[in-house]
Amino acid sequence: MPTASTPPTAVWEAAVPAASQPHGKRQSLAGVATMVGSGLSNQTGAAIGSLAFPVLGPVGVVAVRQYVAAAVLLAVGRPRLRSFTRREWGPVLVLALVFGTMNLSLYTAIDRIGLGLAVTLEFFGPLAIALAAARRRVDACCAVIAAAGAVALMRPRPSTDYVGMGLGLLAAVCWASYILLNRTVGRRLPGAQGSAAAAAVSALAFLPVGVVLVLREPPTAEALGYAVVAGVLSSAVPYLADLFTLRRVPPAAFGLFMSVNPVLAALVGWLGLGQGLGLVDWSAIAAVVCANALSIAVPRT
């Protein structure tokens, strides 16, 4: 459900039947092709959503995205809300809060510092989770590489927007929390019921935002269309694509490909929005991507 990158492998493993593991080269190729399409869809959706910022603002775009995400997840997860116990509702409600905060902070960061940098900063969330649980020398090296990338991205400059960078890091904290909460929710509720319920609660929380926007100044059809397309491309398409992918490629390969998302975001921001980056910024993004890829690719012994 994350905006610029779809939920981590751990989120979906419980929703994918064990019998549906990869078999056959053709299915693996189909899975890889789907991953590419999912990543591009995700970043393109975020870029298109930013076009509605002048009219709806990041809050309005996130509200529409939450509505779309809830519709998709409710249709797929089909949660039995009436059967939820208090013990099950607890992490679901916290997950809903984290979900909304994550998307809002990321979209606001995109508005202030651009798509590529915002997504790269957000990616420190899952990277930190992966490295915190590691005990290998290679992971220590990866942590150093990632830290160097962070320092390069946040180096002081006259035009540095520290608020935007802070929001990107807040999105990273939320994404890390999202991963841990999803593990808890996944243990207490079957399939995607917990994620679907959290998306529905988050959408309800953003409902007053939509009402206020409409009453204050009805949005143009163009801006509303951008927001809806962003919701479809960044929520519906990646969610369904990931369920398809995890039936055809190993979870490790899925996680490895996810590390490319900051590069895809930077490319989409550059080509689609004209958000150019300097050599140091590209090098920092490459460092973050390489740190994650190296940590995943090196076999665990």
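Remember, predicted model here, so these are calculated numbers, not experimental data.
Side-chain N/O atoms of Asp111 and Ser50 include no donor and acceptor closer than 3.5 Å.
A 4.5 Å side-chain heavy-atom check between Ser234 and Tyr107 finds at least one atom pair inside the cut-off. In this structure, the side chains of Glu122 and Met102 come closer than 4.5 Å at one or more pairs of heavy atoms. A 4.5 Å side-chain heavy-atom check between Val92 and Trp89 finds at least one atom pair inside the cut-off. Using a 4.5 Å cut-off on side-chain heavy atoms (C-beta onward), Leu74 and Pro79 make contact. Within the 4.5 Å cutoff, the side chain of Ser38 has no heavy atoms near those of the Val237 side chain. When side chains are defined from C-beta on, Gln193 does not count as touching Arg78, because their heavy atoms never get closer than 4.5 Å. Within the 4.5 Å cutoff, the side chain of Phe123 has heavy atoms near those of the Trp175 side chain. The side-chain heavy atoms of Val72 and Ser235, taken from C-beta on, include no pair separated by under 4.5 Å.
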- Verify side chain to side chain contact (heavy atoms under 4.5 Å, CB included) between Val68 and Val232, making sure each step is shown before the conclusion. CA-CA 7 Å; Val68 175; Val232 172; 4.3 Å; yes
- Task: Let me see the working for Leu277 and Ile285 under side chain to side chain contact (heavy atoms under 4.5 Å, CB included), right down to the final yes or no.
- Result: CA-CA 10 Å; Leu277 296 174; Ile285 291 174; 3.7 Å; yes
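Looking at every heavy atom in both residues, Leu81 comes nearest to Ala197 through CD2-CB, 3.7 Å. Across every non-hydrogen atom of Ala176 and Gly125, the tightest pair is CB-O, 3.7 Å. Ala63 approaches Val209 most closely through the heavy-atom pair CB-CG1, 4.1 Å. In terms of heavy atoms, Ala230 sits closest to Gly49 at CB-CA, 3.6 Å. The minimum heavy-atom distance linking Ala47 with Val268 is given by the pair CB-CG1, 3.6 Å. Counting all heavy atoms, side chain and backbone alike, Ala52 lies closest to Ala223 at CB-O, 3.5 Å.
In the hydrophobic clustering of ILVMFWY residues, with side-chain heavy atoms under 4.5 Å counting as a link, Leu106 and Tyr67 come out together. Criterion: ILVMFWY side-chain heavy atoms under 4.5 Å apart, direct or through other members. Under it, Val98 and Leu169 are part of a common hydrophobic cluster. Tyr162 and Leu117 sit in two unconnected hydrophobic clusters of ILVMFWY residues. Membership requires side-chain heavy atoms under 4.5 Å apart, directly or through other members. Hydrophobic clustering (side-chain heavy atoms under 4.5 Å, transitive across Ile, Leu, Val, Met, Phe, Trp, Tyr) groups Ile179 together with Leu181. Both Phe84 and Val94 belong to a single network of hydrophobic side chains, linked directly or stepwise wherever heavy atoms of I, L, V, M, F, W or Y lie under 4.5 Å apart.
Checked against ring-ring contact (aromatic ring centres under 6.0 Å, His included), Phe53 has no partners two or more places apart in sequence or in another chain. Arg188 pairs by the side-chain contact (heavy atoms from CB on, under 4.5 Å) definition with Arg87, Glu88, Pro91, Thr184, not counting sequence neighbours. Applying the side-chain contact (heavy atoms from CB on, under 4.5 Å) rule to Ser105 yields the partners Leu167, Leu170, Ala171; only residues at least two apart in sequence or on another chain are considered.
Note that the OH atom of Tyr226 and the CD1 atom of Ile48 stand 8.5 Å from one another [nearest 0.5 Å]. Distance check: Asn182 CG to Ser195 OG gives 4.0 Å after rounding to the nearest 0.5 Å. Between the CZ atom of Arg80 and the CG atom of Leu189 there is a distance of 11.5 Å, given to the nearest 0.5 Å. Separating the OG atom in Ser177 from the CZ atom in Phe99 is a distance of 14.0 Å, to the nearest 0.5 Å. Here CD of Glu222 is found 11.0 Å from CG of Leu224. Values are rounded to the nearest 0.5 Å. The structure places CG of Leu115 at 5.5 Å from CD of Gln43, a figure rounded to the nearest 0.5 Å.
Under the side chain to side chain contact (heavy atoms under 4.5 Å, CB included) rule, Ile113 has a single partner from Leu121, Thr108, Thr120, which is Leu121.
The environment of Trp270 atom CH2 is sparse: at most 12 non-hydrogen atoms of other residues, nucleotides or ligands sit within 6.0 angstrom.
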